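Okay, so here's the structure we're looking at.
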Amino acid sequence: MGKFLTKREDNYSQWYNELVIKADLAENSAVRGCMVIKPYGYAIWEKMQAALDQMFKDTGHVNAYFPLFIPKSFFSKEAAHVEGFAKECAVVTHYRLRNTADGKGIEVDPDAKLEEELIVRPTSETIIWNTYKNWIQSYRDLPILCNQWANVVRWEMRTRLFLRTAEFLWQEGHTAHATEEEAVAETVQMINVYSDFAENFMAMPVIKGHKTANERFAGALDTYTIEALMQDGKALQSGTSHFLGQNFAKAFDVQFANKEGKLQHVWATSWGVSTRLMGALVMAHSDDNGLVLPPKLAPYQVVIVPIYKGDEQYAKVKEAGNKIKEELKDFGITVKFDDRDTHKPGWKFAEYELKGVPIRIALGARDLENGTVEVARRDTLEKNTYPQENIAKVVKNLLNDIQENIYNKALNYRKEHTFSANNWDEFVDYLDNKGGFVYAHWDGTTETELAIKDKTKATIRCIPIDNPLEDGKCILTGKPSTQKVLFAKSY
RNA sequence: CGGGGUAUAGCACAGUCCGGUUAGUGUACCUGCUUUGGGAGCAGGGGGUCGCAGGUUCGAAUCCUGCUACCCCGACCA
């Protein structure tokens, strides 16, 4: 465990990389671009999964599992889709190894070449729609509301822990509907689920909106996104929900007989969030002392650190610590009592700060005498002494406070870094000198969007839902525009 | 994939230019004693095919060739 963490203002990117590793969330593996998610990091992901999974089920979805491999021929059926993903696919070509001639190693057996190559899924629309074809004959078979928790592979050129890895974990929902209206409603429902999750569990404010045609998912007619602002002023796309129209139904010939007995193509959606959310969580709240976790996603919300001299005190402090632990557990609070005698209290304080545990309770001889505990909150680093009596209630309230406080802090940060530009010079000034979200008029063409990206590195993050309409002129071309859209530099 | 850089103990680095005792420092690790309310102190100890494969040489971490991986900056993306 290193003692020093790079400061955010010195090198934000390095701060992030160090933090992920030092807080024991993940590390680079022996495999290029692939990470090992360590137990502490995985515990946070499991909390995210549990909350999201419940939200999916509450909105009528069920879980299923589809194959890791997709036959190459499936993959090419939807033209836009294959074009979007072709450049980053891992491909399985053989199914057997053999010993090399010199007996010292192994090699791919050339006789074991597959008839048809298999793509390691970068996303599962094609294999799922090929499957749905068999599940759907009648309007009575619809809707199908499936989700799967899975790993996918996208052969990215440059990777970063959680933010962009060659293999990542995610969930992908794939739904099939009888009508366009129903599919659109599903798409909107799921982006709302994502934004609720981001704001209520991750304590991370997000802006919901439509992607532009240029930024849309390969094969979608409309892509909704939630966009979060990180502490370095860059945006992070944190979840997407796609209205796929009838594209995949047509590509895989999925038709159903409606009530009138007429054959129609099925309407589709897909939606997903990934372990990238872990990166978002780290960057949204953490500080120069380490991770700051929202209580709702922290692997343990409270850590109790005993302070003692000698075996006699150790026994007493341990007894008192266990009692407090049980009281907290009865209040539904998750607690770790770190009674290891192999590390000193000061070491533990620093350790749990680095790991972002929302509340630390210190308990020593002084406290045993006075019937108190010292409670430190991670978000503000404030320390206060409270009576041991009713401590669970105090902690419970503090946890709620912390959850709320870090949300408000992130929201304030976003407010302070959201600008509205009325001309090109303002636009560039905000992007270069302030950083953050910049609203600006855009003429609606992909050509202009790309030109702006080329000049400023900023992209249109989204056209926010319920965006107020106002007449104006495109900041680049001066052509008429009906609304300002959200620009930012992004991850 | 284009440009730049790095590879020596678990980690972070020095040594490489100018080849030559037993490859060193910090940290981490192990043992003992003293410590314990913010990453303890002292003493002792273990750990290295110097990224991989070749080559030059009496002798290579050091020079040459090839390869691989990683990092930073671009293009691409959840």
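First the proteins, then the strands, lettered A, B, ... as listed; each starts at 1. Model, not experiment: these values are computed from the prediction.
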Provide, to the nearest angstrom, the distance between the NE2 atom belonging to A:H343 and the C1' atom belonging to B:G38.
16 Å
Step through it carefully: locate the ring centre of A:Y132, locate the ring centre of A:F252, and say whether they are under 6.0 Å apart.
no
Rounding to a whole Å, what distance do you find between A:E88:CD and B:C1:P?
15 Å
Please give the distance between the P atoms of B:U49 and B:C11 as a whole number of Å.
12 Å
Checking A:K211 against A:F217: charged group under 6.0 Å from the ring centre and within 45 degrees of the axis?
no
Round to a whole Å and report the spacing from CG of A:L161 to P of B:C72.
10 Å
Contact class for A:E156 (heavy atom, under 4.0 Å): base, sugar-phosphate, or nothing?
base
Quick one: label A:G290 by what it contacts on the DNA or RNA (base, sugar-phosphate, nothing), any heavy atom closer than 4.0 Å.
nothing
Is the ring centre of A:W271 less than 6.0 Å from the ring centre of A:F56?
yes
Expressed in angstrom and rounded to an integer, what is the separation of A:L163 atom CG from B:C76 atom C1'?
15 Å
Ignoring backbone atoms, establish whether A:N17 has a side-chain N or O less than 4.0 Å from OP1 or OP2 of B:C72.
yes
Does A:G364 reach a base, just sugar-phosphate, or nothing at all? Heavy atoms under 4.0 Å.
base
Once you apply a heavy-atom cut-off of 4.0 Å, does A:R160 come out as touching a base, just sugar-phosphate, or nothing?
nothing
Interatomic distance at C1', B:C67 relative to B:G24, whole Å:
29 Å
Stacking here means centres under 5.5 Å and planes under 30°; does A:F168 stack on B:A78?
yes
Whole-Å P distance, B:A78 and B:A53
40 Å
Which residue, A:W170 or A:K348, contacts RNA chain B at a nucleotide closer to its 5' end, judged by nearest heavy atom?
A:K348
Please work out if A:T165 contacts a base, only the sugar-phosphate, or nothing of the nucleic acid, heavy-atom cut-off 4.0 Å.
base
side-chain N/O A:K344 vs B:G39 OP1/OP2, d < 4.0 Å
no
Expressed in angstrom and rounded to an integer, what is the separation of A:F349 atom CZ from B:U36 atom C1'?
10 Å
Suppose you measure atom C1' in B:G48 against the same atom in B:G10; what distance do you get, rounded to whole Å?
12 Å
Specify the separation, in whole Å, of atom OH of A:Y314 and atom P of B:G37.
16 Å
Looking only at the aromatic ring of each residue, does the gap between the centers of A:H174 and A:F66 stay below 6.0 angstrom?
no
Taking only the P atom of each, what is the distance from B:G26 to B:C72 in whole angstrom?
29 Å
Please confirm whether the ring centroid of A:Y224 lies under 6.0 Å from the ring centroid of A:H210.
yes
Could you state the CZ-P distance from A:F85 to B:A78, rounded to the nearest angstrom?
6 Å
Measure CE/A:M35 against P/B:A78 and give the value in whole Å, please.
16 Å
hbond_proxy A:R164 side chain to B:C77 base (donor-acceptor, 3.5 Å cutoff)
yes
Mind checking whether A:N247 and A:H81 have side chains closer than 4.5 Å, heavy atoms only?
no
Return no unless some side-chain N or O of A:K453 is found under 4.0 Å from OP1 or OP2 of B:A75.
no
